[in-house]
Structure formats: C-alpha cells, structure tokens
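These notes concern the structure reproduced below.
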Amino acid sequence: MIQNKKITLASIPENKILQSLFLSAIIMLIVASSGTAQSLNIVNVKVEGNRSSSTELILSVADLKTGEPLNSSLTQDAIKRLYGLGFFRDVSIDALETTGGINLIIRVVELPKLMGLNFQGSKTIKAKELREKLKLNIGGTISSNLIYEKKSEINKLYAEKGYFLAEVEHKLSYSSDSSEVVLTYEIDEGSKIKVDKVVLTGNVRVPGDDIIGKMRNRKRGFLKSSNFDKEKYPDDKEKIIDYLHKSGYSDAYLKSDSFRIDTAVNRMIIYLDIYEGPRYYFGKTDWKGNEIFGIKELKRALKYKENRVFNQENFDESVYEIYFLYQEKGYMHTRVIDDHKTRDTLIDI
C-alpha cells in the first residue's frame, strides 16, 4: 500500500453542492491506487480551520465514524449537513492513506460575523426602517446568498414606493483576520416612475374616462402625470369594479392587469382588461314572513325603486334599514334572507 497519499475527497463551494456527485469516482481512484479491491475503513477524523464553531459540533454533524467503510455517500451527506448549519462558506474533506485504512480531515472556512450594517443614499426609506425590514442579525453569520437576498428585498421595498429604477450595491469591510465584517448597502434611489397613461379594454357602454377617473394611479391633465404608488394600486383595481357594480354592472370583474415601464423616459403604462357584462335594473320586490310590519312600512325602508339602475350599495343599505326597523321593536334576532332572480336585465328580489 502507498502510505501517506493525500487526496481531496470533496471541496464544495457554498453554492455548488452538486459537485459532490464526483465523489464516487474519486473514492474509486483511492481504492484502485491502494492495490486492493477491499473498501477502505475510516481510521481517524479530525477538524481544521474552525474558530468559532466547536470541533465536537462539527464531528457530531458530519457523523463520520471510525471503523466505518469509506464511500461517496458518507462524505457527500456529511458536507451537506455541515453546510446546513449555516456557519461555513467552504467545506472540504481530505483523505490520507494510512495503515489499516484512511484518515479524514474536515477543513472548514467559517462565514464572517456581521458586526455592522450601514446604508448610504437611503432618503425615501430611512435606515431605521430598512434595518427593521431586513431583519439581519448583528453578531450572526453572513453569507453571499443572504447579502443578495436582502439586496432583492431592498429593491422590492423601493418598488412598492414607486422607485422601480432604484439600484442597490453592497460593500464589505473585513476585520484583519476576515472573521468579522461590516456590510454597507449603497443605494441610488433614482426617480419615481410616473404614470403616463392607463389603457382600458373590455368596457362597452361605460366610458373609459369615467372608470379610470376613479383611480389614484392615472395621468392627471394633459401635462401632469402622477407618481405611481404601488401601495394604492390594489385599491385602484377595487375602486373601478365597485364603480361598475354601483352603475348596474353587477357581473363586472377585472380579467387581467399589467404594466410596462419605459426606463428611457421614466414612464409607465398600465393595462387593464375588464369584463363589463350587462347592465341590470331593480325589478319587483316581494316579501314573505313579515308579520310585525306591513309591506308599505317595509317598502319605506328601501333605498331603491323599481326600474332604477341596480346599485349594490343601495341594496345593502336597504337590508340594514329593515334590520333597524325590527331592532327598534326589540326583535334583535330577526333574519333577513334575500333571494335574487334575474329576469332579462331586471333583478327581482
């Protein structure tokens, strides 16, 4: 047997764990070089490179037992488990042939500890709010994946404020031994995106200007554009459908919505496609189960009239008034059950 022959079984960068699939071929090479078809047993396992992480923890998580036959799945699984701790940016396992089998050396490079977090250029969103939103643990480890994940979160926060063109970079300042780092995010907020126009399709009878006029995010006047406010955008979509429902279009709904940003001019076009449907009117109103109040008294509580445009808000107010009538008489548990039936464009209740 060739003595003291060192071979790296695996050295898997933090973001390339799939490279461990090559372990089988490497271990076969070790076995072949030993001149025997028998598998090699693990004689000893030691750890190098750890400073903050305890050797006992690393050995326990790696779970490479002496006397156990060496194979690719053992080392592959050990490396995956060690990366799963979230403490290391590099893990490798070296093998050194020795009498009776093979010695293993687990080499780790620890992730630095985050000792400071700074923001430069953040004016619209203050540094305090960014720290609260990002939830980066000062004193905890920091990885490149986490840095880029939080960078994406910053971009998302600015997009919600209408700053779709915000650019975020990061800078790392390491301690002399690279065990600690201060992270600084450098932010160029850019300008807010302005709404150039809203393109509406699907409306047949209701004028587009009447529908778009209910929105907060729209162009105001010939020369004046409004800043896009993403937080108000869901409200805008609800407002236009509520307006259609109040206008008698009870079946109306928003089929799709999207927007396109022209970064050259910092302008946005919003596209809305609606289903308008038929326009409905109040039909006949009949009553059942009323004993305390007569039909004339109940009709006086209605906020709508027959043959008028169906308005859901008026109908809801009418139901409320009926409940109020009964509660004034002490009937607190009265139930009003309504049944709508469509007759052409009339809704009988």
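- In terms of the side-chain hydrogen bond (donor to acceptor under 3.5 Å, both in side chains) criterion, residue partners of D338 (sequence neighbours excluded) are, by chain and number, H340.
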Tell me which donor-acceptor pairs under 3.5 Å the side chains of residues 50-57 have, and how far apart each pair is, sequence neighbours excluded?
residue : atom : partner : partner atom : Å
N50     : ND2  : S53     : O            : 2.8
N50     : ND2  : T55     : OG1          : 3.1
R51     : NH1  : D177    : O            : 3.3
S53     : OG   : E110    : OE2          : 3.2
S54     : OG   : L57     : N            : 3.1

For residues 62-69, please give each side-chain donor-acceptor pair under 3.5 Å, one per line with the distance, not counting sequence neighbours.
residue : atom : partner : partner atom : Å
D63     : OD1  : K65     : NZ           : 2.4
D63     : OD2  : K65     : NZ           : 3.3
E68     : OE1  : K65     : N            : 3.4

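- Looking at every heavy atom in both residues, D229 comes nearest to E160 through OD1-O, 4.2 Å.
- Note on residues 314-328: pairs passing side-chain hydrogen bond (donor to acceptor under 3.5 Å, both in side chains), not counting sequence neighbours, are Q312-D316.
- Take T285 and apply the side-chain hydrogen bond (donor to acceptor under 3.5 Å, both in side chains) test, not counting sequence neighbours, and it matches Y304.
- Screening residues 247-266 for salt bridge (Lys or Arg N to Asp or Glu O under 4.0 Å), with sequence neighbours left out, gives K237-D257, K255-D273.
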Donor-acceptor list for residues 342-349 side chains, cut-off 3.5 Å, not counting sequence neighbours:
residue : atom : partner : partner atom : Å
R343    : NE   : D348    : OD2          : 2.8
R343    : NH2  : D348    : OD1          : 2.9
R343    : NH2  : D348    : OD2          : 3.4
D348    : OD1  : K284    : N            : 2.8

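- Salt bridge status for E48 with R107: present, with a side-chain N to carboxylate O gap under 4.0 Å.
- Residues in residues 121-131 take part in no salt bridge (Lys or Arg N to Asp or Glu O under 4.0 Å) pair, two or more places apart or across chains.
- Among residues two or more places apart in sequence or in another chain, the side-chain hydrogen bond (donor to acceptor under 3.5 Å, both in side chains) test is passed with N203 by none.
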Distance-only criterion, 3.5 Å: show the donor-acceptor pairs between side-chain atoms of residues 240-249 and protein atoms not counting sequence neighbours.
residue : atom : partner : partner atom : Å
H245    : NE2  : A252    : O            : 3.0
S247    : OG   : Y243    : O            : 2.8

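- Sorted by first then second residue, the ring pair (Phe, Tyr, Trp, His ring centres under 6.0 Å) pairs that include residues 124-155, not counting sequence neighbours, are Y148-H170.
- Contacts of Y275 classified as ring-ring contact (aromatic ring centres under 6.0 Å, His included), with partners at least two apart in sequence or in another chain: Y253.
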